[in-house]
Amino acid sequence: SGRLWVTGMAGLATFDGTSWRRFTKADGLLETHVEAIAVDKAGEAWVSYWNLHGISRFKFSDKGLGTVTHIDTPAALVSDNIYSLNFDAHGALWLGTAQGAKRWKDGRLDQFARGEGLPGDDSSANAFWADKNGDVWFGMSSGLAHFEAAAEPPPAAAPHARVLRV
């Protein structure tokens with residue numbers, strides 16, 4: 001939309017090329033200190049907070065944030081500090097957290113940490129990149145994590161059914 005979004009301790013700010021507007025807990029956010037922001041393909045903004053578990057999303061308009069929806073389920077999605085969030089080319093929401101990287105798509109949550117091959121469990125703040133081919137990159141406290149979309153196994157085929165009797 002041509003807007004610049006900035007997160008920080010004093011809230012969420014946006015610049016439209018002419019003037020700044022700032023939003024805080026008083027505007028419907030869970031907390032004033034906003035850690036990260038990402039915008040999905042539908043134009044909804046998603047934010048995470050500093051030292052507060054949870055995510056919020058909203059559709060911005062000239063009137064403000066509009067209806068702010070707070071997401072706290074599934075619990076494993078927001079059960080730790082979220083340092084970065086963004087979307088990959090396929091629309092999956094990725095979170096860089098204190099417990100590794102998480103991917104949420106179509107109601108399914110996948111979590112990746114040292115045991116799944118990451119260089120560590122602690123993600124660095126706002127250290128995320130999504131390639132156009134679907135790959136994602138995370139800066140971790142002890143290295144760089146690269147998820148290759150082409151290496152993902154295809155979804156399992158639906159089982160074959162046969163009607164034996166009616």
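No continuous path of ILVMFWY side-chain contacts below 4.5 Å connects Leu29 to Trp46, so the two sit in separate hydrophobic clusters. Cluster annotation: Val39 and Val68 are assigned to distinct hydrophobic clusters (Ile/Leu/Val/Met/Phe/Trp/Tyr, side-chain heavy-atom contacts under 4.5 Å, transitive).
Residues Asp80 and Lys102 meet the side-chain proximity criterion, which asks for heavy atoms closer than 4.5 Å.
Distance alone, capped at 3.5 Å, places no donor-acceptor pair between the Asp122 side chain and the Ser141 backbone. Looking only at distances, no side-chain donor or acceptor of Ser56 sits under 3.5 Å from a matching main-chain atom of Val47. A donor-acceptor pair is defined here as one N or O able to donate and one able to accept, closer than 3.5 Å; no such pair exists between the side chain of Glu31 and the backbone of Asn51. In terms of modelled atom types and a separation under 3.5 Å, the side chain of Asp16 and the main chain of Thr18 share a donor-acceptor contact. Under a 3.5 Å cut-off, the side chain of His53 and the backbone N or O of Asp72 do not form any donor-acceptor pair. Within the 3.5 Å criterion, the main-chain N or O of Met140 finds no donor-acceptor partner in the side chain of Ser123. With hydrogens and angles disregarded, no donor-acceptor distance shorter than 3.5 Å links the side chain of Ser48 to the backbone of Ile55.
The aromatic rings of Phe128 and Phe138 lie perpendicular to each other, with more than 60° between the two planes, well past the 30° mark. Note on ring orientation: taking the six-membered ring where Trp is involved, the planes of Trp5 and Phe23 are tilted (angle from 30° to 60°).
Salt bridge Lys105/Asp88: absent, no basic N to carboxylate O contact under 4.0 Å.
With 3.5 Å as the limit, one finds no donor-acceptor pair spanning the side chains of Trp129 and Asn86.
Taking all atoms of both residues into account, the shortest heavy-atom contact from Leu95 to Ile82 is CD2-CG2, 4.0 Å. Scanning all heavy atoms of the two residues, the minimum distance from Ala149 to Asp135 falls at N-OD1, 2.8 Å. Closest approach of Phe147 and Leu118 over heavy atoms only: CZ-CD1, 3.6 Å. Across every non-hydrogen atom of Ala38 and Leu85, the tightest pair is CB-O, 3.4 Å. Nearest heavy atoms, Ser84 versus Ser124: OG-O, 4.3 Å.
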Is there a side chain to side chain contact (heavy atoms under 4.5 Å, CB included) between His146 and Leu144 once you walk through the steps? CA-CA 7 Å; His146 179 206; Leu144 182 66; 5.7 Å; no
